[in-house]
Colleague: 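Please find one structure pasted underneath; my questions will follow.
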Amino acid sequence: MLCGIFLWVLDATIGASLVALLVAAIKKIFHHRISARLHHALWLIVLIRLLFPFFPNSSVSIFNIWQLGVDSIKHAVSPLSPVASNGPQIQIEQNSKQTDFSQTNQIKQPENRNLPDTSVSRQIKTDPAIPAQDNHTLGVKTAAIVWLAGCISLFGYLCAYMLRARSRLSSLKIATDPRVVSIMDDCRKRFGITQPIPIYTGSDRKSPHISGVIHPWIYCPKEICEESNASQLTHVFAHELAHYKRKDIVWNLLGLFALTIHWMNPLVWLLVKQMKTDRELACDAYVLNVLGEAESVPYGMTIIQFLQRFSASRQQLHLLHFYEANNKNQMTRRIQMIKNFRAGSYKLSAAAVLCVAMMSSVTLTNAAVKVESPAKPAASAETKTKQEGRLLFDWDLRGYDRLSKGIQTAGFPFKIPDVLGMNYEFSGIYIDRNKLRTNKETHVQIDFGNKGDSSPQFLHFSASSGLHGMEAAYQRIVEEEKKGYGEQKIEKQNLKVQGLDVWKVTFTDKHSNGNVTDKNNITEVYYLWEDDGIQYNIGSFASDPQEDIVKMIVNAKYPDQTMKERYVGFHSYVMDLYDTEDVQHGSKAIGLTPKFPLELPGQFKAIGAYISSKVNFSSPENDADYKTMYFGMYYNVPGKNKKIPVVNSISFDQIKDIKIYDDMKKNGHVAFFLPFDEKNLVNVHMQKIAGKEVFKTEKYKERGESSRAEDPTLISYFWRENDICFKVTFTDEVSNHEVIVSYLMNQKAVDFNNLK
């Protein structure tokens, strides 16, 4: 946790330093063309960059050029390799504490196809040997500790100084001189301040200053109150009240707080000092804006007189002083600004406001999110070239049959359980990038199933980026679990697993007796933890293989090339394809090079492609036939059916199986798959299209008699080319069927070298 915070601070301080250099360059170039107020306002942009942890992504951000972000820091500081361990160490710290959160970490499959449910619960056994691992290098841990020690020391000093400044009030006296009070009241009226601000006087400090964020008060040395004339006192009080009106006390404290956090960056020390200098100039400009241009010469003379009075004094760094005698350059700049002051120059012009807005838009934003994965460790150039493909269908929810492609798509580095030697195997990886474009939130799920089981139980491993802590992960659990099951009973335990705080959360049926030892009552069990700023969880349906899951937790590591090569497989009946590399990968899986038209007559455009089991093409005859795969695409007119993306106007499927076509020719019907070994038999009629024999079905609904009234009415066309059977299915809203069928007949198999 400490290393993660330190790495964020390191990233933030580098980013803010670049912004500070940009601001300094602008101030240098346009030094005499921008007002004193704008000089100070530009530094506030840097201060915000130093203090705020998160910024929106933008295509206009300067960090698109510099490519600076958290991932670059993480790449520079790679984790140590895992080291062996004798086994898991678990300590239950808190038991049976009821809490109200839930989750389902399943990423939904596309809903446009009817798929059998393969999630069957069963107990799983594993090998007890488990390696453990560390998170960061010794250098990072050491630097993080040194940084934290410096922060605590500076923060302690700041708090002590503020307490001492507050305690001084007991030794000071409130000014009661009618002349001083009258001048102060007149100044407050000029600045529009109704809140009483007391004046304290004494002899321990030589320079006036304002202090107190909530209850401000002004200190004015006794000799100044007694020896200064009315004009000089007006200038002194006006200057301190200007600080109050401009909220400079708050900005001053924020600058010191930023210095406390980023104390290791010498540029921040210079920044805070320069910001204080420009703050005094802006304050002088505000005073003259209120008092009037005619007061510029007397006001400047007052400062010069204070120069003579306090030339030997030494001031504190963080107070807001009327005069700092130990900075000759600052005094020269102040006198020069006062000399050149003109009425109205304090107000920000439209051009100045536009300047600040433009600077904020390019500096208070992060680089636009990249699709490429900064996976840790980085993939080799050969692997990266092999996996990259042009994006065709930009879906937020994605599923892959290979770990390497999932890592490439996820966009953030995450650890994965190494199940080598255990009774589990990889069954697919799913990416949920639904919020990636707005707040960089991404979720990855990997399914692990039993080896050699006809009805495997799946453990669902998830990694989440962008949730900003465990509480946000809990909220996601609550939302997702309620969607699936509604209100449930929850039992939580705190576990200690190899130094990680792990929450075991058991969900039970709300209407059960709440006995979590009865596995029939358990809806789902989750193990939730955080590591290196990423939130992880492992979920299991209707059982609790705690021993297996604990092994997975301590055995998680950043995937190496061996894991990428070993984690290949898929348990679903549908796998969507998103880019050109996926299409080529899918064609190899089905054993044919498909036709792949991205547009059809009538303004139809492809909105998705997939490979699927034969159950979604026609009814399989046996288990071997059941596993036959086919290639499919679906189309719609842009803008249509946006609210119901699962309703596609046209689907185009192709399978290496001519028996389907021969059976239609022999029997006069086609059989579509239905559950429980039923078949939806639909009559077909032969006709000629573009000189070829085509079978056209009667109008039908996908689920036959069990279909709902709102289900679309369909018409399908079948034809054969060599050993491939083609099918085109239209909803009843589509006309010009024969034109589209003829167009598809004339298409050639895709050339992957020239796929556009």
Side-chain angles (χ1 to χ4, degrees), residues 37 40 44 158-257 276 279-292 294-295 298-299 302-303 305-306 309-310 315-324 346-347:
R37 187 180 183 185
H40 181 251
L44 300 184
L158 178 61
C159 291
Y161 188 88
M162 293 178 66
L163 289 175
R164 287 199 304 270
R166 189 67 185 175
S167 65
R168 287 178 51 227
L169 287 176
S170 59
S171 63
L172 300 177
K173 296 181 179 180
I174 295 181
T176 57
D177 186 339
R179 182 178 71 100
V180 174
V181 174
S182 175
I183 294 173
M184 180 61 177
D185 290 340
D186 180 63
C187 287
R188 283 197 301 111
K189 290 179 182 179
R190 292 193 183 191
F191 282 88
I193 300 174
T194 58
Q195 176 184 354
I197 299 179
I199 301 174
Y200 286 84
T201 185
S203 302
D204 60 335
R205 304 281 178 176
K206 298 298 183 181
S207 176
H209 64 264
I210 187 169
S211 186
V213 177
I214 301 176
H215 303 291
W217 52 277
I218 293 176
Y219 170 77
C220 188
K222 182 179 179 181
E223 57 182 299
I224 291 180
C225 291
E226 294 176 351
E227 299 175 8
S228 300
N229 57 38
S231 176
Q232 291 173 330
L233 284 177
T234 297
H235 297 156
V236 170
F237 296 154
H239 184 90
E240 305 308 331
L241 292 177
H243 278 310
Y244 170 77
K245 286 287 288 186
R246 286 172 34 84
K247 309 298 181 185
D248 284 341
I249 303 175
V250 176
W251 290 116
N252 193 56
L253 288 177
L254 290 177
L256 290 172
F257 185 63
K276 188 176 191 303
R279 183 184 300 126
E280 293 300 325
L281 288 170
C283 184
D284 289 336
Y286 185 34
V287 170
L288 296 177
N289 184 70
V290 173
L291 299 182
E295 283 292 313
Y299 183 76
T302 299
I303 291 180
Q305 291 170 4
F306 271 69
R309 181 190 294 264
F310 304 126
Q315 311 301 334
Q316 294 291 336
L317 174 64
H318 76 274
L319 295 176
L320 297 176
H321 295 285
F322 174 72
Y323 166 68
E324 286 191 59
Y346 180 78
K347 296 181 180 180

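Below, all heavy atoms of this structure are taken into account, side chains as well, without hydrogens, waters or symmetry copies.
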Colleague: Side chains of V180 and M184: does their closest heavy-atom pair fall under 4.5 Å?
Modeller: no
Colleague: Under a 3.5 Å distance rule, please check whether Y219 uses its side chain to pair with a backbone N or O of G202 as donor and acceptor.
Modeller: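 Such a contact is found between Y219 side chain and G202 backbone.
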Colleague: Just by distance, do the side chain of R179 and the backbone of C225 share a donor-acceptor pair under 3.5 Å?
Modeller: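 Flag set: sc R179 to bb C225 pair under 3.5 Å.
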Colleague: Do L253 and M162 have side-chain heavy atoms sitting under 4.5 Å apart?
Modeller: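 In contact.
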Colleague: What's the separation between atom CH2 in W251 and atom NE2 in H40, rounded to the nearest 0.5 Å?
Modeller: 8.0 Å
Colleague: Is it true that D185 and K189 make a salt bridge, defined as a side-chain N closer than 4.0 Å to a carboxylate O?
Modeller: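 Salt bridge absent between D185 and K189.
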Colleague: Is a side-chain N or O of Q232 found less than 3.5 angstrom from the main chain of N229, in a donor-acceptor match?
Modeller: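 Judged by distance alone, yes, a pair lies under 3.5 Å.
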Colleague: To the nearest 0.5 Å, how far apart are CZ in R246 and OH in Y286?
Modeller: 9.0 Å
Colleague: Please say which of R279, K247, H243 ends up in a side chain to side chain contact (heavy atoms under 4.5 Å, CB included) with N252.
Modeller: R279
Colleague: Can we call the ring centroids of H239 and H235 under 6.0 Å apart?
Modeller: no
Colleague: First locate atom CG of L288, then atom SG of C283, and finally report the distance between them rounded to the nearest 0.5 Å.
Modeller: 10.0 Å
Colleague: Quick one: are E240 and I197 in side-chain contact, heavy atoms under 4.5 Å?
Modeller: no
Colleague: Using only atom types and a distance under 3.5 Å, with no angle test, would you say the side chain of S182 pairs donor to acceptor with the backbone of P178?
Modeller: no
Colleague: Specify the closest pair of heavy atoms between K222 and S203, including all atoms of both residues, with the distance to one decimal.
Modeller: CB-OG, 4.3 Å
Colleague: Less than 4.5 Å apart, any side-chain heavy atom of P221 and any of S207?
Modeller: no
Colleague: L241 versus R190: any side-chain heavy-atom pair under 4.5 Å?
Modeller: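 Result no, sub-4.5 Å side-chain heavy-atom pair not found.
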Colleague: Calculate, to the nearest 0.5 Å, the distance between atoms NE2 and CD1 belonging to H209 and I218 respectively.
Modeller: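 H209 atom NE2 to I218 atom CD1 measures 10.0 Å (nearest 0.5 Å).
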Colleague: If you take all heavy atoms of V181 and A175, which pair is closest and at what distance?
Modeller: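 Result for this residue pair: CG2-O, 3.7 Å.
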Colleague: Say you draw a straight line from OG1 of T176 to CD1 of I199; how long is it, rounded to the nearest 0.5 Å?
Modeller: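 It is 10.5 Å, given to the nearest 0.5 Å.
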Colleague: Specify the closest pair of heavy atoms between V287 and A238, including all atoms of both residues, with the distance to one decimal.
Modeller: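 Looking at all heavy atoms of both residues, the closest pair is CG2-O, 3.6 Å.
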Colleague: With the side chain counted from C-beta on, respond yes when C187 and T234 share a heavy-atom pair under 4.5 Å apart, and no when they do not.
Modeller: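 In contact.
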Colleague: Is atom CZ of F191 surrounded by more than 12 heavy atoms (other residues, nucleotides or ligands) closer than 6.0 Å?
Modeller: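 Yes - once you tally the heavy atoms of other residues, nucleotides and ligands closer than 6.0 Å, there are more than 12.
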Colleague: Taking atom SG of C220 and atom CG of L233, what is their separation to the nearest 0.5 Å?
Modeller: 6.0 Å
